Structure formats: C-alpha cells, structure tokens
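Have a look at the structure below before the remarks.
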Amino acid sequence: IITKEYSDADVIVMSEVARDCGSYNNHQDGPEYFAKSLKMNYAYIPEFISYDSSTRNSWWSPNSLYKRFLGQTDNSQCTMGNMILSKYPFSSLEVIRFKSQCCMFPQRSGGRVTIGAGISIGGKDLQIYSTHLESGTGIKDFLEAYYIRVKQIDEIVDNYNAKNENYKESHQGQELP
C-alpha cells in the first residue's frame, strides 16, 4: 500500500521485494509497481529464486511442469530481492555478493546480496545500500546466522571504505564532502 509518507521520501530502501510471485504479489512486477506508483527511479537485485509449489511460475509447480510437458514455456520466475528507490538519478550501481552465507531455505536458490547506489543531492555524493542480512532458518541456525550477519556487515563496510579510499586518492588536496 502506497501512502503519502512514502511518496514524500527522497530515498527508500526495501528488502524482500517480490517479482512474479503468486503467493506474495499476484505475479506482479513489485519493483516496477513501487517505482511507478511513487514516480521514482529504482534499482533491484534478486537474492533468491523461489521454488515454492504455491507459486505459479516455479520450476517444480504442477502447473509449470505441465506447461513444459506441453512445450509451453514461461520464462518468468518468482524472485525476492533488495531494492533502492530514489527521486534522484543514480550515478552508480553495484552489487555485493556476500562471501559469507549460510542457512538456505530448501525451496530457494541464490544467496544474500546487497545493492548499492550512488546519488548526488545538492552537490553531496551519497552511497546508499539495501540489504537483507542472513536471518537463518530457525532456532538451530541462530548462532551461525548471527556470526554470518556480523561478517556481512563487515563486507559492506569494507566495500564502502575501499570506495572512499579510492575517492580520497583521486581528490587529494580537495575538501571531501
């Protein structure tokens, strides 16, 4: 549901945004829906392809198997991912595929990622990240997932610091924003 609070925002970051998922959004393109509704630019990166049997377009669903048997293919797949919406154009985009992963749900393939976007507001360059850190699959994974989340945060910070170091080196003698 799009409300006035969202439409007043300059930047919105979201996780678990569904694209072509019957059980989540009636097979709509979630990123397109939000971007058009809010009149914003968007960047979307899928983390997972869902193979939930309730999803019409999943590989293993009876409907999908039957269509393939008849030679009718449907290339859309249910994906869940991270998104950045911005009223400002993106000056850069990047994806961080985490080296640290764990605790996969059996009905999905893929892995945790972060999407980063550079935007400029009033002459100030900003780097925005949207991520969904590892959550685990239940109590049995709790400690492992916690450890992995810490490592994933370190990967984002290391990526940002490396970008900032490159920026500092290329702008020596200039005041940094």
Side-chain angles (χ1 to χ4, degrees), residues 1-61 64 73-121 124-137 145 148-149 151-160 162-163:
I1 298 173
I2 305 296
T3 64
K4 180 160 177 23
E5 291 82 18
Y6 292 114
S7 64
D8 289 342
D10 290 334
V11 175
I12 300 172
V13 295
M14 301 173 77
S15 62
E16 297 193 18
V17 178
R19 175 180 268 166
D20 296 322
C21 300
S23 56
Y24 294 102
N25 65 353
N26 198 27
H27 303 286
Q28 290 181 337
D29 186 329
E32 281 284 326
Y33 167 77
F34 288 115
K36 284 181 180 177
S37 297
L38 294 167
K39 297 178 179 78
M40 298 175 96
N41 303 300
Y42 80 94
Y44 172 80
I45 183 70
E47 285 192 303
F48 297 104
I49 297 172
S50 178
Y51 298 105
D52 179 31
S53 62
S54 68
T55 303
R56 171 180 61 114
N57 293 325
S58 68
W59 213 105
W60 294 106
S61 71
S64 186
T73 58
D74 184 353
N75 292 328
S76 61
Q77 295 184 6
C78 171
T79 63
M80 299 292 283
N82 301 318
M83 183 168 73
I84 300 172
L85 294 153
S86 173
K87 288 190 176 175
Y88 304 95
F90 298 117
S91 58
S92 64
L93 292 171
E94 67 177 316
V95 174
I96 301 170
R97 296 198 181 282
F98 290 124
K99 296 173 192 147
S100 306
Q101 303 272 340
C102 83
C103 319
M104 284 294 293
F105 289 91
Q107 68 273 23
R108 292 179 169 175
S109 65
R112 297 283 180 208
V113 299
T114 290
I115 187 165
I119 60 172
S120 184
I121 302 175
K124 300 282 186 186
D125 293 330
L126 300 173
Q127 187 67 22
I128 310 293
Y129 294 96
S130 177
T131 190
H132 185 301
L133 300 174
E134 187 56 64
S135 57
T137 59
I148 295 297
R149 280 193 300 275
K151 291 174 75 174
Q152 290 172 338
I153 291 168
D154 286 344
E155 289 181 49
I156 295 169
V157 171
D158 289 348
N159 177 275
Y160 176 80
K163 284 177 149 310

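Just so it is clear, the structure is predicted and the values come from calculations on it, not from any experiment.
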- Indicate yes or no for a side-chain donor-acceptor contact from Glu94 to the backbone of Ile115 under 3.5 Å, with no hydrogens or angles considered. no
- Query: How long is the span from the CZ atom in Phe98 to the CZ atom in Arg149, to the nearest 0.5 Å?
  - Reply: 12.0 Å
- Query: Any idea which heavy atoms bring Ile148 and Ser100 closest together, and the distance?
  - Reply: CG2-O, 3.7 Å
- Query: Looking only at heavy atoms, what is the nearest atom pair of Tyr42 and Ala35, with distance?
  - Reply: CD2-CB, 3.3 Å
- Task: Would you confirm whether Glu47, through its side chain, and Val113, through its main-chain N or O, come within 3.5 Å as a donor-acceptor pair?
- Result: yes
- With a 4.5 Å heavy-atom cut-off, do Asn41 and Leu85 have their side chains touching? no
- N/O donor-acceptor pair under 3.5 Å between Tyr44 side chain and Val17 backbone: yes
- Enter the distance from Phe90:CZ to Ile84:CD1 here, rounded to the nearest 0.5 Å. 6.0 Å
- Item | Within-4.5 Å side-chain heavy-atom neighbours: Tyr88 and Met40 | no
- Roughly how far apart are Ile128 CD1 and Leu93 CG, rounded to 0.5 Å? 12.0 Å
- Task: Indicate yes or no for a side-chain donor-acceptor contact from Arg19 to the backbone of Asp29 under 3.5 Å, with no hydrogens or angles considered.
- Result: no
- Roughly how far, to the nearest 0.5 Å, is the CZ atom of Arg112 from the CD atom of Gln101? 8.0 Å
- Do Lys151 and Leu133 pass the side chain to side chain contact (heavy atoms under 4.5 Å, CB included) test, and can you show the C-alpha distance, the side-chain angles, and the key distance before you say yes or no? CA-CA 10 Å; Lys151 291 174 75 174; Leu133 300 174; over 6 Å; no
- Message: So, taking the atom named CD in Glu16 and the one named CE in Met14, what distance separates them when rounded to the nearest 0.5 Å?
- Response: 10.5 Å
- Task: For the pair Ser130 (side chain) and Met83 (backbone), establish whether a donor and an acceptor sit closer than 3.5 Å, ignoring hydrogens and angles.
- Result: yes
- Note on the structure: Residues Cys102 and Glu134: closest non-hydrogen pair is O-OE1, 2.9 Å
- Donor-acceptor contact below 3.5 Å, side chain Glu155 vs main chain Lys99: yes
- Task: Indicate yes or no: at least one non-hydrogen side-chain atom of Ile156 is less than 4.5 angstrom from one of Asp154.
- Result: no
- Closest non-hydrogen atoms of Ser92 and Gln127, given as atom of the first, atom of the second and distance, are OG-OE1, 4.1 Å
- Looking only at heavy atoms, what is the nearest atom pair of Ser120 and Asp125, with distance? OG-OD1, 3.4 Å
- Interatomic distance, OG@Ser86 vs CG@Asp10, rounded to 0.5 Å, equals 7.5 Å
- Query: Of Thr114, Asn159, Asn82, which is the lone residue that meets side-chain hydrogen bond (donor to acceptor under 3.5 Å, both in side chains) with Tyr129?
  - Reply: Asn159
